Amino acid sequence: WTCRPQQSFMRWGEKFIEQFFSQGDLEKQIGITVSPFCDRDIVSPAKCQISFLLVVVHPFVSAYCALFEHVKKDLIDEGFDINRAQLATIAR
């Protein structure tokens, strides 16, 4: 979802962060420590998504593109950069 057109990216990003927050809500209900990025009371959704993109998604996608040469890495990087910039604007 990170390299898709911006409208699709934003919609899936909202679902992604809501899944994290739902997990955090359940963890609070049962009285255990809330997992990183899952506490809706303290986490900035845009900052969380930027971190996830940079730490998890980008390295994975880069390795995938290196392994499968037919994948258009420049197209993926372009979508990634546009969406990361959008999140950075929101996070300010």
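Only a predicted model underlies this, so the values are computations on that prediction, with no experimental measurement involved.
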Quick check on the hydrophobic clustering: are [X] and [Y] connected, directly or via other members, by side-chain heavy-atom contacts under 4.5 Å?
X: V43; Y: I32; result: no
X: Y64; Y: V55; result: yes
X: V56; Y: I50; result: yes
X: V61; Y: I82; result: no

What are the two closest non-hydrogen atoms of [X] and [Y], and how far apart are they?
X: H58; Y: L54; result: CB-O, 4.3 Å
X: V34; Y: K28; result: CG2-CG, 3.5 Å
X: E27; Y: T33; result: OE1-O, 3.9 Å

* **Q49 side chain to L87 backbone, donor-acceptor under 3.5 Å** => no
* Structure fact -> Taken to the nearest 0.5 Å, the spacing of F9 CZ from L53 CG works out to 5.0 Å
* To do: Determine whether C38 and F21 make a side-chain contact, defined as any pair of heavy atoms from C-beta on separated by less than 4.5 Å.
  => no
* Please check if the distance between the ring centroids of F52 and F16 is under 6.0 Å. => yes
* **Between Q23 and Q19, a side-chain donor and acceptor under 3.5 Å** => no
* So F68 and H70, would you call those rings parallel, tilted or perpendicular, with 30° and 60° as cut-offs? -> perpendicular
* **Pair F20-C48, side chain to side chain contact (heavy atoms under 4.5 Å, CB included): steps then yes or no** => CA-CA 10 Å; F20 272 27; C48 174; 4.1 Å; yes
